[in-house]
Amino acid sequence: MAFVIGVHQTAFRRDDDRTHAELAAEAFGGAVQDAGLDPADIDAVWFGSTTVGAWGQPAIAGPAVMMGIAPQGAPVISVEGACATGGLALHAAWLAVMAGQADLAVAIGVDRAPKDDVVGLLDGVTLVPGEWEEPPSRHDRERFGRRQARSVGDSGWQPIPERPLLLDVAALEARYGVRAGSCSRRDLAQVVAKSRAAGAENEHAWLRKPITAEEVQAEPMIVEPFTRSMGCALVSGGAAVVVASEYGLARLPSRARAVRVAGMAAGGGLWRGLGQRPALERVARRAFSAAHTTPESVDLAEVHDATAWAELKWLDALGLGSLSEVAAWTRGGETGRDGRLPVNQSGGLLSKGHALAATGLGQVGELVAQLRGEAGARQVRKRTPRVAVAHNGGGLVGFDDATSVVTVLRAE
């Protein structure tokens, strides 16, 4: 078995000028301290970042950033999978522990917000000239999206270079869902309002000012049906998780704060069209099977809400409820702190911000805090949580994540 015994997340901020190494030092040191360990105890480190290449050292990101931070002689393995990088780093550390190759492993993700005049999805733009140019596959997705839009009579497919293509893809899918009656624009606004209420209680979150669903709907439209607050902002930050084997856990004076990694799974996406089911469904089934549990047992979740629409569709794909059901739960407050299935009580990407490689590990850190009963003002109150699930996705193929990682945690 494998256990999470330490977690730490830096504040997520757009105005954080610290280097990757400075962010990594805080995240690594905080997680090791939370576990009650000395850095020298760590056997191996899996390091993830998507932006180190834009700042230098793309080929040896992990060793370069972790020099002087990771214990001398411990391997530092670099991981990169777009926005799923943090989840993939944790998956690799978990596999090493489960295989008996490490007793105490750290997964860490660190990223910095793009420089210059570039802002996050919150403002509808993420393109960075030069280092962050869109890949050639962008044009394939433009043509793919145009065909899909024509197939359903949607005239809103108008991607522009100044806006990330993923936002147009998500918007087209959201319009399709709204027209099918699975959810409404009001539901999307309510997702944001719920997220911001949670973010207001999270000292690590970038956006901490509550907002009402009415205010969200009244904001400027970025791309139909998304108003300004319905997309996440890119921020700087780091997060780390310490994973232990049974032997590693036995080295601690107490196992009271350990949280078991009941099951994990990672998988690639499908080049799917509108209305087709995502690859996340299969990944989730594998994770729940490995955990010997079912979606019905889940007490709370952290999902990759790059947009308000994403929260609803990923809850559906995880098997936690149909799209229409989770939309109804959102309307009724059932995905809030006191509801039947609290979702993204960290504030999610919509409020906490998206620190790319740190995001998936930050999700796990939030769930661990909840399962330990240490989430403070964000602590869910309707029932004592025992089982939690995190979904971290990254990249884009058609209308699907290129990579999905699902983590099922269980309180000891």
Side-chain angles (χ1 to χ4, degrees), residues 1-9 31-32 34-37 41-46 48 77 79 81 84-109 239-252 254-267 280 283-295 297-304 318 346 358-375 385-393 403-412:
M1 291 191 290
F3 305 84
V4 173
I5 60 171
V7 296
H8 186 79
Q9 177 191 305
V32 170
D34 183 57
L37 299 171
D41 296 327
I42 302 303
D43 299 320
V45 177
W46 277 264
I77 299 98
V79 180
T85 296
L88 289 172
L90 180 61
H91 186 255
W94 172 74
L95 286 174
V97 168
M98 294 293 286
Q101 298 299 302
D103 289 311
L104 294 167
V106 170
I108 180 169
V241 173
V242 183
V243 184
S245 66
E246 282 276 11
Y247 179 77
L249 185 60
R251 294 166 60 179
L252 301 181
S254 170
R255 61 188 293 156
R257 297 175 72 243
V259 171
R260 182 154 61 92
V261 183
M264 285 195 76
L280 176 59
V283 178
R285 285 196 296 268
R286 287 168 45 213
F288 283 117
S289 176
H292 302 290
T293 191
T294 65
S297 69
V298 172
D299 297 310
L300 71 159
E302 287 277 319
V303 300
H304 199 100
L318 286 166
S346 65
T359 286
L361 295 164
Q363 291 175 328
V364 170
E366 173 67 20
L367 295 178
V368 167
Q370 292 281 355
L371 293 174
R372 287 172 169 176
E374 299 175 357
R386 300 293 300 170
V387 178
V389 63
H391 155 252
N392 184 205
T403 305
S404 296
V405 183
V406 176
T407 306
V408 182
L409 302 170
R410 185 183 294 274
E412 281 289 283

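Heads up: numbering here begins at 1 and tracks the sequence.
Proximity of Leu104 to Ile5: side-chain heavy atoms (C-beta onward) are separated by under 4.5 Å at one or more points. Contact of the Ser346 side chain with the Gln363 side chain is not registered, since no non-hydrogen atoms from C-beta on lie closer than 4.5 Å. Counting only heavy atoms from C-beta outward, the side chains of Asp34 and Val242 never approach each other to under 4.5 Å. Side-chain atoms of Glu246 and Arg255, non-hydrogen and from C-beta on, do get closer than 4.5 Å to each other. Side-chain contact between Val405 and Leu90: absent, with no pair of heavy atoms (C-beta onward) separated by less than 4.5 Å. Between Asp41 and Arg251, some side-chain heavy-atom pair lies under the 4.5 Å cut-off. Glu374 is listed as a side-chain neighbour of Arg257, based on a closest heavy-atom distance under 4.5 Å.
For His8, there are no ring pair (Phe, Tyr, Trp, His ring centres under 6.0 Å) partners at least two apart in sequence or on another chain. For Asp299, the side-chain contact (heavy atoms from CB on, under 4.5 Å) partners are Arg383, Pro385, Arg386, Val387, not counting sequence neighbours.
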Query - Worked check of side chain to side chain contact (heavy atoms under 4.5 Å, CB included) between Met98 and Val261 - result: CA-CA 10 Å; Met98 294 293 286; Val261 183; over 6 Å; no
Report task. Dump the intermediate steps for side chain to side chain contact (heavy atoms under 4.5 Å, CB included) on Arg372 and Val7, then the final yes or no. Result -> CA-CA 12 Å; Arg372 287 172 169 176; Val7 296; 4.2 Å; yes
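Minimum heavy-atom separation, Val298 to Leu300: CG1-O, 3.3 Å. The minimum heavy-atom distance between Ser404 and Leu280, with the atom names listed, is CB-CD1, 3.9 Å. Taking both residues in full, the closest heavy atoms of Gly362 and Ala239 are given as N-CB, 3.7 Å, listed atom of the first, atom of the second, then distance. In terms of heavy-atom proximity, Trp46 sits nearest to Ala105 at CZ3-CB, 3.8 Å. For Ser254 against Ala256, the heavy-atom pair with the smallest separation is OG-N, 3.0 Å. Leu361 and Gly109 make their closest contact through CD1-N, 3.2 Å (heavy atoms, listed as atom of the first residue, atom of the second, distance).
In this structure, the separation between OG1 on Thr407 and CD on Glu302 is 11.5 Å, given to the nearest 0.5 Å. In this structure, CG in Leu88 is found 8.0 Å from CE in Met264, a value given to the nearest 0.5 Å. His304 NE2 to Asn392 CG: the interatomic distance, rounded to the nearest 0.5 Å, is 6.0 Å. Distance check: Arg260 CZ to Leu371 CG gives 11.5 Å after rounding to the nearest 0.5 Å.
With hydrogens and angles disregarded, a donor-acceptor distance shorter than 3.5 Å links the side chain of Asp43 to the backbone of Asp103.
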Under 3.5 Å, which donor-acceptor pairs do the side chains of residues 283-292 form with other protein atoms, sequence neighbours left out?
residue : atom : partner : partner atom : Å
Arg286  : NH1  : Ala266  : O            : 3.0
Arg286  : NH2  : Ala266  : O            : 3.3

